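Here is the structure we will look at, set down as structure tokens.
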2 protein chains.
Amino acid sequence: MQDFKKQFKKGVIELTILRLLYEQDQYGYSIIQQISKRSDNYIEIKDGTLYPILYRLEDNKFIENYWKTDIGSRSKPRKYYKITIAGRLRYEEMLKDYLEINEGIKKILKS
Amino acid sequence: MQDFKKQFKKGVIELTILRLLYEQDQYGYSIIQQISKRSDNYIEIKDGTLYPILYRLEDNKFIENYWKTDIGSRSKPRKYYKITIAGRLRYEEMLKDYLEINEGIKKILKS
DNA sequence: CAATATACCTTGTAATACAAAGTATAAAAT
DNA sequence: ATTTTATACTTTGTATTACAAGGTATATTG
């Protein structure tokens, strides 16, 4: 209760994840940082929120993963995610619905 | 699954209800119609969704109800809802958070 | 070497829109 | 007149989702 943002985020986090992966492959932790950064800290998500979404998207074949050790100092590999064709379609569909709801709200809030 | 709109609506329905009651007292069924109409049918809500929200808002003292029989032909009274001072504050707070999330999403989706 | 950040994972919980049922009256259609 | 549809309100159960709160392990910084 009182945490409106938590409710307003429902659905949109998946949308933003797909969007970021649409642009380029990324590992989980990076997605969290990107969402903060690109939204000017208006949207923050927890790792306990992100990973289950990634697994769900993977189960539904919207994304797929591969381990990659980045060149440079660090030795530990990171789990990268890549969006699939189906994932791109999913993103387009979600975006359409999001924009519609958004448009509807805007109309109600102004007058 | 596949029903994105249902998720995107989370939280915003309460926001729109408070907004409509902010403008003027209304009975439940009227709110459903107003939301459809003012959003150009982009947002539709079910009666089974609306009423529980109204009861919740009432429990939290954000709105209050009174029965009123409208002048004219119909005899059956309708249950009108009125926003309270606390409800107005609630609306302002929710709106602020909604706009922030919205701004964040916008930033992520463009680039 | 201690503390913090990075990176990933899991279980349980609270919140919410809706489906699907119900009751009852008013208006419209046949 | 009678059937159908719309109005108006109510309730129970369900699916989804973000997060809290715990965990493991490595890398970096003070």
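Owing to the predicted nature of the structure, the values given are computational and were not obtained by experimental measurement. In what follows, chains are A, B, ... by sequence order, proteins preceding strands, each numbered from 1.
Note on ring orientation: taking the six-membered ring where Trp is involved, the planes of A:Y27 and A:Y80 are perpendicular (angle over 60°, cut-offs 30° and 60°).
Distances were taken from every side-chain heavy atom of B:K46 (C-beta onward) to each of C:dT16, D:dA18, C:dA19; the shortest belongs to C:dA19. Closest to the side chain of B:Y51, from the set D:dT10, C:dC18, C:dC8, is D:dT10. When distances run from any side-chain atom of B:K6 to the nucleotides D:dT7, C:dC8, C:dA17, the shortest one goes to C:dA17. When each of D:dT10, C:dA17, D:dC19 is scored by its nearest atom to the side-chain atoms of B:I13, the top-ranked nucleotide is C:dA17. The listed nucleotides are C:dA24, C:dC9, D:dC9; the one nearest the side chain of B:K76 is C:dA24. For A:Q7, whose side chain is taken as the heavy atoms from C-beta onward, the closest listed nucleotide among C:dA17, C:dT16, C:dT6 is C:dT16.
Side-chain contact between B:Y22 and B:R88: present, with at least one pair of heavy atoms (C-beta onward) separated by less than 4.5 Å.
Counting to the nearest Å, the P atom of C:dC8 and the CD atom of A:E58 are 12 Å from each other. A straight line from CG of B:D70 to P of C:dA26 spans 13 Å, rounded to a whole angstrom. The nearest whole Å value for the distance from the CH2 atom in B:W67 to the P atom in D:dC9 is 6 Å. Atom pair A:D3:CG and D:dT17:P shows a separation of 18 Å (rounding to whole Å applied). Rounded to whole Å, atom C1' of C:dA17 lies 16 Å from atom CZ of B:F4. Here the P atom of nucleotide D:dG22 and the CG atom of A:D47 are 14 Å apart, to the nearest Å. Note: CD1 (B:I101) to C1' (D:dC19) measures 14 Å, nearest angstrom. Here the C1' atom of nucleotide C:dT16 and the NZ atom of B:K5 are 18 Å apart, to the nearest Å.
Residue B:I13 forms a side-chain contact (heavy atoms from CB on, under 4.5 Å) with just one option from B:L18, B:I45, B:L50, and that option is B:I45. In summary, of the residues considered (A:E93, A:E103, A:E100), a salt bridge (Lys or Arg N to Asp or Glu O under 4.0 Å) with B:K5 occurs for A:E100 alone.
B:I31 and B:Y55 fall within a single hydrophobic cluster, where Ile, Leu, Val, Met, Phe, Trp and Tyr are joined by side-chain heavy atoms under 4.5 Å apart, directly or via other members.
For the contact set between residues 14-32 of chain A and DNA chain C, defined by any heavy atom under 4.0 Å, the members are A:Y27, A:G28, A:Y29.
Among the heavy atoms of the strands lying under 4.0 Å from A:K10 is at least one base atom, whether or not backbone atoms are also near.
Nearest-nucleotide positions on DNA chain C place A:K79 closer to the 5' end than the other of B:I45 and A:K79.
By the side chain to side chain donor-acceptor pair (under 3.5 Å) test, B:E64 pairs with no residue at all, sequence neighbours left out. Annotation: side chain to side chain donor-acceptor pair (under 3.5 Å) contacts of A:E44 (sequence neighbours excluded): A:S36, A:N41.
Proximity of B:Q33 to the phosphate of D:dT7: a side-chain N or O atom is located under 4.0 Å from OP1 or OP2.
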